[in-house]
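Following: one structure in structure tokens, then a few remarks.
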Amino acid sequence: MSSGGPSPGPRDAALRVTLAGWTVALDVEDGALAVVLRRVFGAFLAPDAGASADARLVLRAPSTSRSPPAVRELPRLEPGASGTLRVEGEDYAAVLSADRTHADVTGAGRFPVETVLKVMLASALAKRGGLLIHGVGLARGERAALFVGASGAGKSTLGGLWREAGGTVLADELVAVWPEDGGGWRAAGTPWNVLSHASEAALVAVGTLAWDVDSRWEAQGAGDVARVLLLNALLPEPTVAGRAALVGAAGRVLSSVETARLVFARDASASAVVRTRLDGDGQG
């Protein structure tokens, strides 16, 4: 495996995927896998196949084939020499360049590509003062709300209810957020959910989730929301400075938007409560 340093530009056939305004070229040797990736990232393919890319990911087959594990664990991130970052799983490994714009990946199938791509996207967002959040992003027109919670809190359920009500689900697994020039924050979808959309909107609220028989929107302090948000933020830099940057970004976004708790039932009332808030009603 290479040291992760710069290498020649991607082949003409490389897929170019745009996520939250960041474009990465995916260069894979396996033609069948390229077809799969084109389908997976369909809504996020750069409109101009020849457009320049901000980053590049190269996937190469391992010299020795290894069967994928029955249960996947989180990737191990380890700082390397000269500022590089090593990303390693049970059957794949990658080295990211010091500026995180190039990744040499050794592995098979789509999982290594998607795993390393998430780390690269989180790093790109961090450079802009943003975050990659495990949560559900709901948009109505030009306004969006992001909800976070532990497994079972209802993120996927809420996304399904919002979709049934005709709303736009930016993502129900990973949501990209970053500060806008001149103030405010943006939220954008990613490919890692069902029926994903390559869309974005102004982020106006971040909240936690709770179940009840009646749906309602409750005020919640930024500190309480921050604790849940940080547990659901992808950390791309496993260093003291990286963790400090993560905490700083979380603090800035929560000081710029409304913080709340959405208590909701498994019915259309949940969507009605969110819709009222995103329409700008019910403030106070």
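Numbering of residues begins at 1 and proceeds along the displayed sequence. All values below were derived from every heavy atom in this structure, side-chain atoms included, with hydrogens, water molecules and symmetry-related copies excluded.
- The OG1 atom of Thr115 sits 9.5 Å away from atom CG of Leu74, with the distance rounded to the nearest 0.5 Å.
- Note on Val177 and Val225: same hydrophobic cluster, where clusters join Ile, Leu, Val, Met, Phe, Trp and Tyr whose side-chain heavy atoms are under 4.5 Å apart, directly or indirectly.
- Two residues are said to be in side-chain contact when any heavy atoms from C-beta on lie closer than 4.5 Å; Trp217 and Leu262 meet this criterion.
- Here the side chain of Arg143 pairs no donor or acceptor atom with the backbone of Gly141 at under 3.5 angstrom.
- Taken from CG in Leu230 to CZ in Arg243, the straight-line distance is 12.5 Å, to the nearest 0.5 Å.
- At least one donor-acceptor pair under 3.5 Å links the side chain of Ser271 to the backbone N or O of Leu161.
- Separation of atoms CD (Glu114) and CG (Leu26) is listed at 9.5 Å; rounding is to 0.5 Å.
- Of all non-hydrogen atoms in Ala139 and Trp162, the two that sit nearest each other are O-NE1, 3.3 Å.
- Across every non-hydrogen atom of Gly21 and Asp54, the tightest pair is O-OD2, 4.1 Å.
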Worksheet entry | Stepwise side chain to side chain contact (heavy atoms under 4.5 Å, CB included) test for Ser199 and Leu170 | CA-CA 6 Å; Ser199 54; Leu170 297 177; 3.4 Å; yes
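- For the pair His134 (side chain) and Leu174 (backbone), a donor-acceptor distance under 3.5 Å is absent.
- Note: the hydrophobic cluster containing Val175 also contains Leu229 (ILVMFWY, side chain heavy atoms under 4.5 Å, direct or indirect links).
- Hydrophobic clustering (side-chain heavy atoms under 4.5 Å, transitive across Ile, Leu, Val, Met, Phe, Trp, Tyr) keeps Leu235 apart from Leu125.
- Formation of a donor-acceptor pair under 3.5 Å by the Ser215 side chain with backbone atoms of Val273 is not found in this model.
- Looking only at side-chain heavy atoms (C-beta outward), Leu138 and Thr168 stay at 4.5 Å or farther from each other.
- For Lys118 (side chain) and Leu132 (main-chain N/O), no donor-acceptor pair under 3.5 Å exists by modelled atom type.
- Remark: side-chain polar atoms of Gln220 are not paired, donor with acceptor, to backbone N or O of Gly207 under 3.5 angstrom.
- Taking CG of Leu59 as the start and OG1 of Thr106 as the end, the distance is 7.5 Å to the nearest 0.5 Å.
- Within the 4.5 Å cutoff, side-chain heavy atoms of Arg163 are placed close to those of Asp172.
- Considering only heavy atoms from C-beta on, Asp214 stays 4.5 Å or farther from Ser269 through its side chain.
- When side chains are defined from C-beta on, Asp91 counts as touching Arg72, because their heavy atoms get closer than 4.5 Å.
- Judged by distance alone, with hydrogens and angles left aside, the side-chain atoms of Arg100 form a donor-acceptor pair with the main-chain N or O of Ala98 at under 3.5 Å.
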Worksheet item: What do the steps show when you test Trp178 against Glu200 for side chain to side chain contact (heavy atoms under 4.5 Å, CB included), and what is the final call?
Response: CA-CA 11 Å; Trp178 69 96; Glu200 63 181 61; 3.6 Å; yes
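- Relative orientation of the Phe264 and Trp211 rings is tilted, given thresholds of 30° and 60° on the angle between their planes.
- Taking both residues in full, the closest heavy atoms of Leu209 and Gly154 are given as CD1-C, 4.0 Å, listed atom of the first, atom of the second, then distance.
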Item to complete: Go through the steps for Arg86 and Glu78 under the test salt bridge (charged side-chain N to carboxylate O under 4.0 Å, His left out), then give the verdict.
Response: CA-CA 5 Å; Arg86 183 174 178 84; Glu78 297 181 359; 5.4 Å; no
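- Residue Thr190 comes nearest to Ala171 through the heavy atom pair N-CB, 3.9 Å, listed as atom of the first residue, atom of the second, then distance.
- Remark: side-chain polar atoms of Lys155 are not paired, donor with acceptor, to backbone N or O of Gly137 under 3.5 angstrom.
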Item to complete: Mind running side chain to side chain contact (heavy atoms under 4.5 Å, CB included) on Leu85 and Val119 for me, showing each step along the way?
Response: CA-CA 10 Å; Leu85 179 69; Val119 176; 4.1 Å; yes
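- Note on Trp185 and Trp22: separate hydrophobic clusters, where clusters join Ile, Leu, Val, Met, Phe, Trp and Tyr whose side-chain heavy atoms are under 4.5 Å apart, directly or indirectly.
- Between Val105 and Val113 the shortest side-chain heavy-atom distance does not fall below 4.5 Å.
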Fill in: Residues Asp104, Arg60; criterion side chain to side chain contact (heavy atoms under 4.5 Å, CB included); working and verdict
CA-CA 8 Å; Asp104 277 315; Arg60 297 185 176 89; 2.9 Å; yes
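- In this structure the side chain of Val263 reaches within 4.5 angstrom of the side chain of Glu218, judged on heavy atoms.
- For the atom pair NZ (Lys127) and CD (Glu237), the distance works out to 8.5 Å, reported to the nearest 0.5 Å.
- Side chain of Ser97 to backbone of His102: a donor-acceptor contact under 3.5 angstrom is found.
- In the hydrophobic clustering of this structure, Val87 groups with Leu117; members are Ile, Leu, Val, Met, Phe, Trp, Tyr whose side-chain heavy atoms approach within less than 4.5 Å, directly or through other members.
- Note that the CZ atom of Arg56 and the CE atom of Met120 stand 10.5 Å from one another [nearest 0.5 Å].
- Shown here for Gly107 and Pro62, the closest heavy-atom pair between the two residues is O-CD, 3.4 Å.
- Across all non-hydrogen atoms, the minimal contact from Thr259 to Gly221 is OG1-C, 3.9 Å.
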